[in-house]
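Shown next, in structure tokens, is the structure this report addresses.
These numbers come from the heavy atoms of this one structure, side chains and all, not from hydrogens, waters or symmetry mates. Quantities reported herein were computed from a predicted structural model and do not represent experimental measurements.
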Amino acid sequence: MRTEISVKKVRGRFVRQVEEISGQDLLACNQCGKCSAGCPIVAAMDVLPSQVIRMAQLGMEEVLETKTIWICASCLTCVARCPKGVDLPRLMEALRQIALRKGAAKLDLGDLPDDLLEELPQLAVIGGYRKYMK
């Protein structure tokens, strides 16, 4: 599969959407690789965290098909190590939201036990459920 890269794609709708949802400037990342080097679960990822950012920077919507965006632990190790202050977990969450909006997974709260829905905050239930259902 060959992906064409153009200025139109790099500053296109997808990149703007990721930046708007995440609140991050994708071009702030200079690909130093410290996020990938410090990630405690990088061995389980199919694409390195730095590669996720690069794919998003280039407008490659194929990033939405990676396992990495779903298994990011949001531990903030990458944020602590980033010399540019890029908040990668926010970027991963934005990519998950976009993937879900495109129908990557269907959220069926009817599958959850009623007592769980009553005990836990809605945000915790939905955030955890959608993150691990892919």
Side-chain angles (χ1 to χ4, degrees):
M1 179 177 174
R2 185 175 172 190
T3 303
E4 289 191 34
I5 298 180
S6 66
V7 173
K8 182 179 177 184
K9 196 168 188 176
V10 171
R11 295 313 310 159
R13 178 197 54 77
F14 177 70
V15 173
R16 286 193 313 270
Q17 186 179 27
V18 171
E19 288 182 333
E20 182 180 324
I21 293 170
S22 70
Q24 301 300 298
D25 176 8
L26 293 178
L27 295 180
C29 174
N30 62 3
Q31 291 292 302
C32 70
K34 290 184 180 187
C35 55
S36 297
C39 180
I41 58 170
V42 74
M45 296 178 171
D46 58 342
V47 175
L48 296 174
S50 59
Q51 292 172 323
V52 168
I53 295 175
R54 177 59 79 191
M55 290 174 79
Q57 286 173 329
L58 297 175
M60 297 174 65
E61 293 188 46
E62 298 91 337
V63 72
L64 301 176
E65 299 166 15
T66 65
K67 283 189 340 185
T68 298
I69 68 171
W70 299 100
I71 63 174
C72 169
S74 299
C75 66
L76 303 177
T77 302
C78 52
V79 178
R81 292 175 174 244
C82 182
K84 297 293 213 162
V86 176
D87 191 335
L88 186 53
R90 289 182 74 179
L91 174 68
M92 296 288 195
E93 177 60 22
L95 293 170
R96 288 191 292 266
Q97 287 181 27
I98 293 167
L100 288 168
R101 290 174 187 171
K102 288 183 176 250
K106 302 294 182 220
L107 191 61
D108 187 2
L109 295 177
D111 292 342
L112 296 176
D114 290 334
D115 59 333
L116 181 69
L117 292 174
E118 291 173 11
E119 281 182 43
L120 300 175
Q122 279 186 332
L123 184 60
V125 173
I126 293 170
Y129 188 63
R130 75 170 171 206
K131 188 171 180 179
Y132 295 106
M133 67 184 181
K134 182 108 170 117

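Partners of Glu19 according to the side-chain hydrogen bond (donor to acceptor under 3.5 Å, both in side chains) rule, which considers only residues two or more places apart in sequence or in another chain, are Arg11. Residues satisfying the side-chain hydrogen bond (donor to acceptor under 3.5 Å, both in side chains) test with Arg81, not counting sequence neighbours, are none. For Cys78, the side-chain contact (heavy atoms from CB on, under 4.5 Å) partners are Cys35, Leu88, Pro89, not counting sequence neighbours. Take Ala28 and apply the side-chain contact (heavy atoms from CB on, under 4.5 Å) test, not counting sequence neighbours, and it matches Asp25, Val86. Evaluation of the side-chain hydrogen bond (donor to acceptor under 3.5 Å, both in side chains) rule for Ser22 yields no partner, not counting sequence neighbours. Arg13 pairs by the side-chain contact (heavy atoms from CB on, under 4.5 Å) definition with Arg16, Gln17, Glu61, Lys102, not counting sequence neighbours.
Of all heavy-atom pairs spanning Met92 and Val52, the tightest one is SD-CG1, 4.0 Å. The shortest non-hydrogen separation linking Cys29 to Gln57 is O-NE2, 3.2 Å. For the residue pair Leu64 and Trp70, the shortest heavy atom distance occurs at O-NE1, 4.3 Å.
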Atom pairs and distances, donor-acceptor, side-chain atoms in residues 40-47, under 3.5 Å, two or more places apart:
unit_1	atom_1	unit_2	atom_2	d
Asp46	OD1	Lys67	N	3.1
Asp46	OD1	Thr68	N	3.1
Asp46	OD1	Thr68	OG1	2.9
Asp46	OD2	Lys67	N	3.1

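In this structure, Leu27 shares a hydrophobic cluster with no other residue, the cluster being traced through Ile, Leu, Val, Met, Phe, Trp and Tyr side chains under 4.5 angstrom apart.
Here Leu91 contributes atom CG and Ile69 contributes atom CD1; the two are 9.5 Å apart, rounded to the nearest 0.5 Å. Note that the CZ atom of Arg96 and the CG atom of Leu100 stand 9.0 Å from one another [nearest 0.5 Å].
Arg90 and Glu93 are not joined by a salt bridge, as no carboxylate oxygen comes within less than 4.0 angstrom of a charged side-chain nitrogen.
Listed by first and then second residue, the side-chain hydrogen bond (donor to acceptor under 3.5 Å, both in side chains) pairs involving residues 27-45 are Ser36-Ser50 (not counting sequence neighbours).
Both Met60 and Ile21 are assigned to one and the same hydrophobic cluster, defined by single-linkage of ILVMFWY side chains at heavy-atom distances under 4.5 Å. Linking Ile, Leu, Val, Met, Phe, Trp and Tyr residues whenever their side-chain heavy atoms come within less than 4.5 Å places Leu26 and Phe14 in a single cluster.
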